[in-house]
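Reviewing the structure listed below.
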Protein chains: 2
Amino acid sequence: MSALEYSPYAAACPSRQLLDRIGDRWSVLTIGTLADGPARYSAIAARVQGVSQKMLTQTLRALERDGLVTRTVFPEIPPHVEYELTDRGRSLREVLKPLEDWATSHMDDVAISRDEYDAR
Amino acid sequence: MSALEYSPYAAACPSRQLLDRIGDRWSVLTIGTLADGPARYSAIAARVQGVSQKMLTQTLRALERDGLVTRTVFPEIPPHVEYELTDRGRSLREVLKPLEDWATSHMDDVAISRDEYDAR
DNA sequence: CCGTATCCCCCCCGATACTG
DNA sequence: CAGTATCGGGGGGGATACGG
């Protein structure tokens, strides 16, 4: 399968795995947090409300594995770890941001639609 | 909470629920399929490979509930049902398409990064 | 401070069978 | 053709405890 033929509509296509990663709620919010610049683990955790330690670590590892985020450890005590978007991560953020904006700007209308639907 | 204050980073914010909906793999692929125009249930199922009957129906109902998709039943035998994006659905598709394109165009690089990471 | 390890519950989702 | 209903397995993810 050549690069031009990647199609997330195909079940076995690796690009679908990528869509899954992107679709993960914590990934989107984590990348969004890092959009403002490098951040420490605890700072990310504070921003992304509701994420558990386990899930945040898991998400960061996955993003690092995909080359979207770098992890820098400062050999200090207490430990100091910083995460930062790579160029690739920033390019992804550029397409994710409009999505985030869409969600916040259409939330009211969607809520109304839901109420109407449920009233039927 | 006013519209301007919606933030998906807040755990209880409804916009996060919307992000979850958007993040769902089947939602993205279903909306993508309908981007070409109205389609019948069976046509969508054929395009979105690997989706089960249950999940497709569930996804379409959710999209309809959110006012992103319309469902039109033609009273014929055998039954004929068409799904179509609403204006809102099309506006969402506009921000989803770049995401889909990003996934296919960066898949090769991501795959390489994963191999390198796993080799460590 | 930044994790890893373990347990365990919930619920998502696929498989299957049935219907208008 | 386009669903609905039901059952059951698997894994995502929370809670907790512990380590460097």
Side-chain angles (χ1 to χ4, degrees), chain A residues 8-12 16-30 33-34 38-66 69-84 117-118 120, chain B residues 8-12 16-30 33-34 38-66 69-84 117-118 120:
Chain A
Y9 297 95
R16 179 176 284 191
Q17 299 167 21
L18 204 44
L19 258 195
D20 288 343
R21 166 66 36 74
I22 294 167
D24 180 56
R25 60 190 298 189
W26 303 126
S27 292
V28 174
L29 297 175
T30 299
T33 295
L34 294 175
R40 301 183 60 161
Y41 181 90
S42 53
I44 302 172
R47 178 94 195 283
V48 183
Q49 295 174 31
V51 67
S52 66
Q53 196 171 37
K54 176 182 177 180
M55 288 313 297
L56 181 54
T57 298
Q58 190 173 303
T59 299
L60 287 167
R61 289 293 176 279
L63 295 177
E64 187 191 5
R65 179 170 181 261
D66 286 353
V69 158
T70 57
R71 178 173 182 269
T72 308
V73 180
F74 295 87
E76 305 169 353
I77 293 181
H80 179 174
V81 182
E82 277 202 349
Y83 293 91
E84 184 174 15
Y117 186 92
D118 294 342
R120 287 194 267 155
Chain B
Y9 297 95
R16 178 176 283 191
Q17 299 167 21
L18 202 46
L19 257 195
D20 289 343
R21 168 66 36 73
I22 294 168
D24 181 56
R25 60 189 298 191
W26 303 125
S27 292
V28 174
L29 296 174
T30 299
T33 295
L34 293 176
R40 300 182 61 160
Y41 181 90
S42 53
I44 302 172
R47 178 96 196 280
V48 183
Q49 296 173 30
V51 68
S52 66
Q53 194 172 40
K54 177 180 176 178
M55 287 314 296
L56 181 55
T57 298
Q58 190 172 303
T59 299
L60 286 166
R61 290 290 178 282
L63 295 177
E64 187 191 4
R65 180 169 180 262
D66 287 353
V69 158
T70 57
R71 177 174 182 268
T72 308
V73 179
F74 296 88
E76 304 168 356
I77 293 181
H80 180 172
V81 181
E82 278 202 349
Y83 293 91
E84 184 174 14
Y117 186 92
D118 293 341
R120 287 194 267 155

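Naming convention: chains lettered A, B, ... in sequence-line order (proteins, then strands); numbering from 1 in each chain.
Comparing Gln53(A) and Trp26(A) along DNA chain D, the residue whose closest nucleotide (by nearest heavy atom) sits nearer the 5' end is Trp26(A). Mapping Tyr83(A) and Lys54(A) onto DNA chain C by nearest heavy atom places Tyr83(A) at the nucleotide closer to the 5' end.
In the helix from dC1(C)-dG20(D) to dG20(C)-dC1(D), the end axes, each obtained as the rotation axis mapping the C1' atoms of four pairs onto the next four within a five-pair block, lie 50° apart to the nearest 10 degrees.
Distance CE/Met55(B) to CG/Leu60(B): 10.5 Å, rounded to 0.5 Å. The distance from atom OH of Tyr9(A) to atom CG of Leu19(A), rounded to the nearest 0.5 Å, is 8.5 Å. In this structure, CZ on Arg71(A) lies 13.0 Å from CG on Leu63(A), to the nearest 0.5 angstrom. Distance check: Gln17(B) CD to Arg25(A) CZ gives 9.0 Å after rounding to the nearest 0.5 Å. The structure places OG1 of Thr30(A) at 8.0 Å from CG of Asp24(A), a figure rounded to the nearest 0.5 Å. Between atom NE2 of residue His80(B) and atom CZ of residue Phe74(B) there is a gap of 5.0 Å, rounded to the nearest 0.5 Å.
In this structure a side-chain-to-backbone donor-acceptor pair under 3.5 Å is missing from Thr33(A) to Ile44(A).
Against DNA chain C, the stretch residues 38-47 of chain B makes no heavy-atom approach under 4.0 Å. Residues of residues 71-80 of chain A that place a heavy atom closer than 4.0 Å to DNA chain C, in numerical order, are Arg71(A), Pro78(A), Pro79(A).
Protein chain A contacts DNA chain D from dG13(D) to dG20(D), reading 5' to 3' and using non-hydrogen atoms of the protein with a distance under 4.0 Å. Taking a heavy-atom distance under 4.0 Å as the criterion, the stretch of DNA chain C touched by chain B extends 5' to 3' from dC13(C) to dG20(C).
Residue Arg16(A) comes nearest to Pro8(A) through the heavy atom pair NE-O, 2.8 Å, listed as atom of the first residue, atom of the second, then distance.
Within 4.0 Å (heavy atoms only), Gln58(A) reaches no atom of the nucleic acid at all. Among the atoms of the strands shown, none is found under 4.0 Å from any heavy atom of Arg25(B).
Annotation: side chain of Glu64(A) is not in contact with side chain of Tyr83(A) (no heavy-atom distance under 4.5 Å). Looking only at side-chain heavy atoms (C-beta outward), Leu56(A) and Val48(A) stay at 4.5 Å or farther from each other. With a 4.5 Å cut-off on side-chain heavy atoms, Tyr41(A) and Thr57(A) count as touching. The shortest side-chain heavy-atom distance between Gln49(B) and Leu29(B) does not fall under the 4.5 Å cut-off.
With sequence neighbours excluded, no residue satisfies side chain to side chain contact (heavy atoms under 4.5 Å, CB included) with Pro79(B).
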